[in-house]
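What you see below is based on every heavy atom in this structure, not just the backbone, and it leaves out hydrogens, waters and symmetry mates. Reminder, nothing fancy here: chain letters follow the sequence lines and each chain counts from 1. Bear in mind the structure is a predicted one, so any value in this text is a computation, not a measurement.
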Amino acid sequence: GESVGLHLPTLSVQEGDNSIINCAYSNSASDYFIWYKQESGKGPQFIIDIRSNMDKRQGQRVTVLLNKTVKHLSLQIAATQPGDSAVYFCAENTSGTYKYIFGTGTRLKVLA
Amino acid sequence: NAGVTQTPKFQVLKTGQSMTLQCAQDMNHEYMSWYRQDPGMGLRLIHYSVGAGITDQGEVPNGYNVSRSTTEDFPLRLLSAAPSQTSVYFCASSYRRGDYEQYFGPGTRLTVT
């Protein structure tokens with residue numbers, strides 16, 4: 001809901017521009033990463049995932065880049081649309097374990 | 001498929017009351033989990049289950065109980081509600097633990113006064 005995102009960093013982009021959302025992950029043993037989208041009042045929704053044996057993965061209008069050297073993950077959204085407005089956060093996991101570590105998120109605002 | 005469903009969507013409790021948050025999934029997933037989401041913090045794992053009859057504690061289990069009698073259902077019980085448990089609660093499931101996508105329910109917003 002709205003109260004969850006009160007203190008989040010915000011990225012504002014013009015409709016039609018590309019968006020880049022960044023995430024620094026914490027565990028060097030993590031080998032699986034997910035980006036989630038969370039709209040106000042809803043549960044997190046899977047966008048795209050990537051495993052550590054890859055540097056880049058593309059979906060529909062989205063690309064995830066993984067830089068293991070600096071433990072950095074980014075989500076690129078092409079031709080950003082008003083429906084992309086939401087909170088985006090990353091999650092990391094070590095294969096075979098139950099534990100996911102979730103980032104706090106970035107709010108994306110799409111300006112018309 | 002309905003995916004992951006949660007009830008209720010909203011709940012207000014008084015301190016000391018107990019209640020059960022319901023979670024069900026129809027995807028035949030082995031792994032189910034409960035998270036809480038608080039302002040400025042990432043999702044935190046409360047309890048999880050790797051199959052019917054098997055549960056374990058996550059990062060913040062105190063004040064909560066779970067059970068998993070069937071593959072489909074994974075209720076979360078608040079034993080004696082406290083204001084610190086005011087939060088949004090999400091249930092999630094995945095095919096198995098680890099490097100598989102987790103599907104989240106719509107959440108329950110709980111306020112404890």
Structural part of Y35(B) lying under 4.5 Å from a heavy atom of chain A: side chain
Where at least one partner belongs to residues 40-53 of chain B, residue pairs that pass salt bridge (charged side-chain N to carboxylate O under 4.0 Å, His left out), sequence neighbours excluded: D38(B)-R44(B)
Side chain / backbone / both / neither for E59(B) at chain A, heavy atoms under 4.5 Å: side chain
Mutual orientation of the aromatic rings belonging to F90(B) and F104(B) [parallel < 30°, tilted 30-60°, perpendicular > 60°]: perpendicular
Stepwise side-chain contact (heavy atoms from CB on, under 4.5 Å) check, K71(A) with S28(A): CA-CA 7 Å; K71(A) 294 194 290 186; S28(A) 56; 4.2 Å; yes
Donor-acceptor pair, side chain of R68(B) and main chain of T71(B), under 3.5 angstrom: yes
Parallel, tilted or perpendicular: rings of Y32(A) and Y100(A) (30°, 60°): perpendicular
Interchain contact, F33(A) with chain B, by part (heavy-atom threshold 4.5 Å): neither
L45(B), part contacting chain A, at a heavy-atom distance under 4.5 Å: side chain
Winner by heavy-atom pair count (cut-off under 4.5 Å) against chain A, out of G58(B), G42(B), S87(B): G42(B)
